[in-house]
Student: 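Attaching a single structure in structure tokens format; questions to follow.
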2 protein chains.
Amino acid sequence: MAKRTETVGRLDDAARAGWLYYVAGRTQDEIASAMGISRQSAQRLVSLAVAERLIKVRLDHPIAECLELGEAMRSKFGLTHVDIVPSDPGSSSTTIGIAEAGAAEIERWLKKADPIVLAVGTGRTLKAAIDQLPAMECPQHRIMSLTGNIGPDGSAAYYNVIFSMADAVKARHYPMPLPVLVSSSEERDLLHRQSLVQSTLKLGREADVAFVGIGELGVDAPLCLDGFLDPDEMMRLMEEGATGEICGWMYDGDGRLLEGSINERVASVPLPSRETTTVIGLAKGKRKYAALLAALRGHMINGVITDEATARYLLAA
Amino acid sequence: MAKRTETVGRLDDAARAGWLYYVAGRTQDEIASAMGISRQSAQRLVSLAVAERLIKVRLDHPIAECLELGEAMRSKFGLTHVDIVPSDPGSSSTTIGIAEAGAAEIERWLKKADPIVLAVGTGRTLKAAIDQLPAMECPQHRIMSLTGNIGPDGSAAYYNVIFSMADAVKARHYPMPLPVLVSSSEERDLLHRQSLVQSTLKLGREADVAFVGIGELGVDAPLCLDGFLDPDEMMRLMEEGATGEICGWMYDGDGRLLEGSINERVASVPLPSRETTTVIGLAKGKRKYAALLAALRGHMINGVITDEATARYLLAA
DNA sequence: TCAGTTTGTGAGTAATTGCCCATGAGCGAA
DNA sequence: TTCGCTCATGGGCAATTACTCACAAACTGA
């Protein structure tokens with residue numbers, strides 16, 4: 001307990017130091033003497049505040065180029081929502097930028113006064129976005145997971161998107177106590193008949209907005225790395241034309257769901273209708289190009305958050 | 001024209017550099033080579049982005065102490081809205097912190113989907129807050145000025161709060177084409193009978209929220225510095241018990257409007273009812289202590305944005 | 001209680017950033 | 001055209017910040 005109190009006190013100090021540094025614009029030396037600590041400690045508190053995401057930075061300027069690319073994307077693919085962030089040529093991160101932009105968009109939806117149903121998929125990109133969310137109280141909304149959050153080994157949670165979200169956002173949460181892939185369509189149907197799952201499935205059809213990651217395929221794709229699919233099966237699917245995956249649902253190069261056995265074993269909630277729901281895909285980077293392009297062509301998503309370089313590729317394709 | 005295009009391009013570059021620096025976390029050296037400019041130019045772009053307020057920093061952590069003080073303020077003075085920001089002991093600025101917090105609160109109101117009427121007073125503090133607002137489009141709202149924006153010399157605008165706001169926020173604006181103080185109550189009544197002023201007065205009664213500065217009195221008070229009152233008159237008023245001023249309305253140490261001639265010459269819109277409107281006062285610092293305390297005691301305001309040190313004083317009083 | 005581990009601290013140092021200055025390009029007026 | 005003005009540029013240097021290391025305090029699990 002003492003430990004916990006201390007930790008909170010420390011974060012409090014970090015927040016105070018971060019405030020003095022970023023908002024009040026003081027130097028770390030000044031902060032140190034104001035707070036009665038050494039310069040080094042002040043520096044640590046400031047960087048702790050950044051590391052703990054106490055300090056949020058946002059850019060309030062419509063970069064002309066990003067707007068243009070966004071407009072072009074909107075008309076080419078018939079999108080409802082587009083957000084293009086600047087590219088960072090030197091970075092290999094697949095989430096930087098779109099995580100922040102995704103969080104900002106999620107926040108915008110959650111700030112609405114009228115109750116909404118917000119659906120989330122899973123994956124590294126979405127997790128990174130959720131991690132950027134500030135603490136919020138939104139008892140009026142409901143948040144549901146489109147995909148199961150049980151790992152292939154049956155144990156831990158697989159990219160714990162919905163639970164991370166529950167930490168940050170106080171609202172009713174509806175997880176999916178299932179794996180992404182099960183062994184047969186019969187097993188899936190059995191699991192889906194559970195009343196708990198039934199209500200989540202129903203909620204999925206009512207979603208106002210959904211945020212999903214775009215999964216690329218390949219032997220080093222998330223589904224393989226996380227052990228849901230073995231490399232052999234992955235290769236077979238790719239030979240059958242599989243190009244990408246959203247919430248586990250496999251689709252081909254034209255964004256049509258694969259008609260093989262694989263999708264019958266996907267235990268996720270069906271993607272909400274793009275007629276009634278804004279389904280926003282988050283993805284950037286070369287490895288996602290093909291999967292994202294196919295998803296856009298097939299209108300599996302009607303919103304996208306990506307970066308300049310990816311947008312250029314998609315427009316040229 | 002070429003100049004203007006160039007300026008826009010420069011801001012665009014500044015935004016990009018600022019993004020790379022603050023969001024992507026690159027060094028200015030890296031930004032320089034990525035953008036093909038010298039390190040110094042990169043530094044200039046980053047600081048330009050800050051100077052032009054393209055970069056917004058916010059602190060997302062409830063500092064325990066500020067929350068406690070806020071709760072105590074709320075119950076002691078029966079307030080609807082309280083926001084306490086950390087104090088910066090070394091700074092003499094009377095706006096730092098509360099300007100940012102005020103802007104955030106104004107933004108929250110303006111983000112509402114349902115149409116509201118937002119009223120603003122005037123003064124240095126409020127101006128600093130408005131300057132922190134991002135560009136917004138809110139055609140559903142109406143924004144009105146509670147005080148005249150004509151200087152005592154009849155010419156330029158006096159702390160151009162409503163016009164600065166119009167620059168940032170696209171909504172219908174209703175200024176008050178009057179001075180704060182006129183020479184007699186007859187003149188005021190005459191001016192108030194103009195139809196333009198009439199509609200603004202009416203709007204004032206409908207305001208959902210009002211943001212006002214708290215004016216202290218004294219020979220170096222804003223009203224004197226800006227030439228509305230000469231020092232002699234100010235001294236006389238203070239002898240009569242005047243303690244503070246909101247939108248020009250003078251009140252005594254218990255927060256009751258002065259019954260002398262002075263308030264009959266104030267051409268401002270009457271303060272909206274605290275029964276139906278959230279009237280938020282922004283002020284901090286020793287010089288404002290007495291005026292703020294009186295305003296709170298008399299329930300002239302039912303919301304406050306201030307800093308820790310001021311809150312401590314108010315609670316101890 | 002005690003060894004092992006984690007966590008915070010201060011010192012020193014390398015890296016990064018902020019600022020001043022001299023220079024030169026661009027532009028409008030004479 | 002030329003002068004004068006403004007403003008962006010890059011260099012250099014001082015200030016500021018980030019990182020590494022060694023050590024001490026607190027905590028954990030026998």
Side-chain angles (χ1 to χ4, degrees), chain A residues 1-59 61 63-65 86 88-91 93 96, chain B residues 1-59 61 63-65 86 88-91 93 96:
Chain A
M1 257 321 108
K3 172 69 181 304
R4 172 156 176 78
T5 316
E6 264 320 294
T7 306
V8 169
R10 188 167 172 78
L11 274 187
D12 229 77
D13 285 347
R16 190 172 293 271
W19 188 89
L20 288 167
Y21 189 68
Y22 287 104
V23 182
R26 334 236 60 184
T27 72
Q28 298 180 350
D29 251 327
E30 292 172 309
I31 296 168
S33 52
M35 296 180 67
I37 53 180
S38 72
R39 183 176 349 93
Q40 294 87 334
S41 297
Q43 193 274 329
R44 282 189 188 96
L45 288 176
V46 172
S47 70
L48 179 66
V50 174
E52 293 289 330
R53 295 181 225 284
L54 268 33
I55 299 290
K56 295 275 167 61
V57 180
R58 77 176 178 184
L59 178 66
H61 180 79
I63 297 188
E65 192 140 12
D88 178 1
S91 162
S93 162
I96 199 154
Chain B
M1 257 317 116
K3 174 69 181 305
R4 170 153 180 79
T5 316
E6 263 320 292
T7 306
V8 170
R10 189 167 171 79
L11 274 185
D12 227 79
D13 285 347
R16 189 173 294 269
W19 188 89
L20 288 166
Y21 189 69
Y22 287 103
V23 182
R26 332 238 61 185
T27 70
Q28 298 180 351
D29 254 327
E30 291 172 311
I31 296 168
S33 52
M35 295 180 67
I37 53 179
S38 73
R39 211 234 346 127
Q40 293 85 338
S41 298
Q43 195 273 329
R44 281 187 188 99
L45 287 177
V46 171
S47 70
L48 179 66
V50 174
E52 293 289 330
R53 294 180 226 285
L54 269 31
I55 300 290
K56 296 275 167 61
V57 182
R58 73 174 181 187
L59 178 67
H61 180 79
I63 297 187
E65 192 139 12
D88 177 3
S91 162
S93 162
I96 200 152

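The chains referred to below are lettered A, B, ... by the order of the sequence lines, with proteins before strands, and numbering in each begins at 1.
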Student: Using whole Å, what does the distance between atom P of nucleotide dT16(D) and atom CD of E30(A) come to?
Tutor: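 It is 8 Å, rounded to the nearest whole Å.
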Student: Please report, rounded to the nearest Å, how far the P atom of dT9(C) is from the CG atom of L48(A).
Tutor: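 Between P of dT9(C) and CG of L48(A): 11 Å.
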Student: I want to verify a distance call: between dT17(C), dG10(C), dA18(D), whose nearest atom is closest to the S41(A) side chain?
Tutor: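 So the side chain of S41(A) is nearest to dG10(C).
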Student: Indicate yes or no: at least one non-hydrogen side-chain atom of H61(A) is less than 4.5 angstrom from one of E52(B).
Tutor: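 When only atoms from C-beta onward are counted, E52(B) and H61(A) do not touch, as no gap falls below 4.5 Å.
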Student: Write down the distance between CZ (R26(A)) and C1' (dT17(D)), rounded to a whole number of angstrom.
Tutor: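 Between C1' of dT17(D) and CZ of R26(A): 17 Å.
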Student: Taking everything shown except R39(A) itself, do over 12 heavy atoms lie less than 6.0 Å from its CZ?
Tutor: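 It does not: R39(A) CZ has 12 such atoms or fewer within range.
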Student: Take atom CD of Q28(B) and atom C1' of dG10(D), then tell me their distance rounded to the nearest Å.
Tutor: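 To the nearest whole Å, that distance equals 14 Å.
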Student: Phosphate oxygens OP1/OP2 of dT16(C): is one of them under 4.0 Å from a side-chain N or O of Y21(B)?
Tutor: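 Answer no for this pair, as no side-chain N or O of Y21(B) is under 4.0 Å from OP1 or OP2.
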Student: Within the 4.5 Å heavy-atom criterion, are Y22(A) and V57(A) side-chain neighbours or not?
Tutor: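 No, side chains not in contact.
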Student: Could you state the atom-to-atom distance from CG of L45(B) to C1' of dA8(D) in whole Å?
Tutor: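 Result: 10 Å.
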Student: Nearest whole angstrom, please: distance from the P of dT9(C) to the CE of M35(A).
Tutor: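 From M35(A) CE to dT9(C) P: 11 Å.
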Student: I want to verify a distance call: between dT20(D), dT17(D), dG10(D), whose nearest atom is closest to the R44(A) side chain?
Tutor: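 Minimum distance to the R44(A) side chain belongs to dT20(D).
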Student: Can you find a pair of side-chain heavy atoms, one from V46(B) and one from Q43(B), that are under 4.5 Å apart?
Tutor: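 They are not in contact (no side-chain heavy atoms under 4.5 Å apart), so the answer is no.
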Student: Among dT9(D), dG11(D), dA18(D), find the nucleotide with the atom closest to the side chain of Q40(B).
Tutor: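 The answer is dG11(D).
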Student: Write down the distance between CZ (R39(B)) and P (dA8(D)), rounded to a whole number of angstrom.
Tutor: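 Atom-to-atom, R39(B) to dA8(D), this comes out as 18 Å.
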Student: Check this one for me: any side-chain N or O of Q43(B) less than 4.0 Å away from OP1 or OP2 of dT17(C)?
Tutor: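 Checking Q43(B) against dT17(C): no side-chain N or O falls below 4.0 Å of OP1 or OP2.
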Student: Take I37(B) and D13(B) through the test side chain to side chain contact (heavy atoms under 4.5 Å, CB included) and record every step on the way to the result.
Tutor: CA-CA 11 Å; I37(B) 53 179; D13(B) 285 347; over 6 Å; no
Student: Measure from the side-chain heavy atoms of T27(B) and tell me the nearest of dT20(D), dG18(C), dT16(C).
Tutor: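 Side chain of T27(B) sits closest to dT16(C).
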Student: Taking atom P of dT7(C) as reference, at what distance in whole Å does atom CD1 of I37(A) sit?
Tutor: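 Spelled out: CD1 on I37(A) to P on dT7(C) is 19 Å.
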Student: OP1 or OP2 of dT17(C) less than 4.0 angstrom from a side-chain nitrogen or oxygen of S47(B), does that happen here?
Tutor: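 Answer no for this pair, as no side-chain N or O of S47(B) is under 4.0 Å from OP1 or OP2.
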